[in-house]
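Read the structure below first, then the notes.
Numbers for residues simply follow the sequence, beginning at 1.
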Amino acid sequence: MCHVIVTCRSMLWTILSIVVAFGELIAFMSEDWLIGKAKSTDIDNRTGGHHEPYRPTLGIYGRCIKVPKVQYFRRDPLCGPYAEHFSEIASGFWQATAIFLAVGISILCIVAFVSVFTMCVQSVMKKSIFNVCGLLQGIAGLFLILGLIIYPAGWGSQKVIGYCGHYASAYKLGECSLGWAFYTAIGGTVLTFICAVFSAQAEIATSSDKVQEEIEEGKNLICLL
């Protein structure tokens, strides 16, 4: 018989697992990893003045730019992938980053999906599902760290130099600055390891003596603080 067990620690771990997975996925897909140097635009024929300077952004496989003579009536930049194929990503380092991040995020998404069912299923083949998920989160965190360490090595590519100036090189930003997506990826990596550690607390909470007493009393829905 399935016993639905909900505790504060297990619920917090589930929520954090889902938040981390979505946060890393959104960061990976974003174009706001690097904020390029300010660029001026052509003269506006309607007013006779220049358009306001803007700063293009560059992601692992996408970018946001303004196209001169096309976007007179649009203030928002044009965003989309600059690489149609994996081999067209800016550098080999960024290709490696994309692989490591994709593997790590895939594992996190699987754990996030499984975490929803831990309220009803606490073990698989006599192994705690919390401990298994915690181990997977630790492995995912290692993949994310590798991806983030390798990422700055690609700043010397021609693509990045076009956005950040000739002073840009491996681990040197030049005239660029880091965007929110990079910081989100770092924050998500830290939270991934926190989730991995906290999974042990979720396991303890759902297998405590209080929970066993509730099960022995014949309760199917068990909610504990």
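W180 belongs to a hydrophobic cluster whose remaining members, ordered by chain and number, are I26; membership requires side-chain heavy atoms of ILVMFWY residues under 4.5 Å apart, directly or through intermediates.
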*Go through the steps for I129 and E203 under the test side-chain contact (heavy atoms from CB on, under 4.5 Å), then give the verdict.*
CA-CA 8 Å; I129 197 168; E203 159 64 16; over 6 Å; no
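The side-chain contact (heavy atoms from CB on, under 4.5 Å) test applied to L25 returns M29, I105, not counting sequence neighbours. Among residues two or more places apart in sequence or in another chain, the ring-ring contact (aromatic ring centres under 6.0 Å, His included) test is passed with Y82 by none. Residues that satisfy the side-chain hydrogen bond (donor to acceptor under 3.5 Å, both in side chains) test with E31, not counting sequence neighbours, are absent from this structure. Applying the disulfide bond (SG atoms under 2.5 Å apart) test to C133 and every residue at least two apart in sequence or in another chain returns nothing. Residues satisfying the disulfide bond (SG atoms under 2.5 Å apart) test with C109, not counting sequence neighbours, are none. Judged as a side-chain contact (heavy atoms from CB on, under 4.5 Å), and not counting sequence neighbours, the contacts of L135 are I139. Checked against ring-ring contact (aromatic ring centres under 6.0 Å, His included), Y183 has no partners two or more places apart in sequence or in another chain. With sequence neighbours excluded, the residues forming a ring-ring contact (aromatic ring centres under 6.0 Å, His included) with Y151 are W33, W94, W155, F182, listed by chain and number.
Heavy atoms of other residues, nucleotides or ligands lying less than 6.0 angstrom from CZ of F93 number 12 at most.
A continuous path of hydrophobic side-chain contacts links I107 to V132 [ILVMFWY only; heavy atoms under 4.5 Å]. In the hydrophobic clustering of ILVMFWY residues, with side-chain heavy atoms under 4.5 Å counting as a link, V197 and V20 come out apart. Cluster annotation: F193 and L144 are assigned to distinct hydrophobic clusters (Ile/Leu/Val/Met/Phe/Trp/Tyr, side-chain heavy-atom contacts under 4.5 Å, transitive). Side-chain heavy atoms closer than 4.5 Å link hydrophobic residues (I, L, V, M, F, W, Y) into clusters, and following such links, possibly through other members, connects V103 to F100. Linking ILVMFWY residues whenever their side-chain heavy atoms come closer than 4.5 Å, directly or via other members, places I194 and L148 in the same cluster.
Sorted by first and then second residue, the side chain to side chain donor-acceptor pair (under 3.5 Å) pairs involving residues 11-23 (not counting sequence neighbours) are W13-Q137, S17-Q137. Contacts classified as side chain to side chain donor-acceptor pair (under 3.5 Å) and involving residues 100-112 (residues at least two apart or in different chains) are not found.
A distance of 11.5 Å separates CD1 of I60 from CD of Q95, quoted to the nearest 0.5 Å.
The nearest pair of heavy atoms linking L78 to R63 is O-NH1, 3.6 Å.
Between the E175 side chain and the G36 main chain, no donor and acceptor come within less than 3.5 Å of each other.
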Pair up each side-chain donor or acceptor in residues 163-170 with any protein partner under 3.5 Å, not counting sequence neighbours, and list the distances.
none

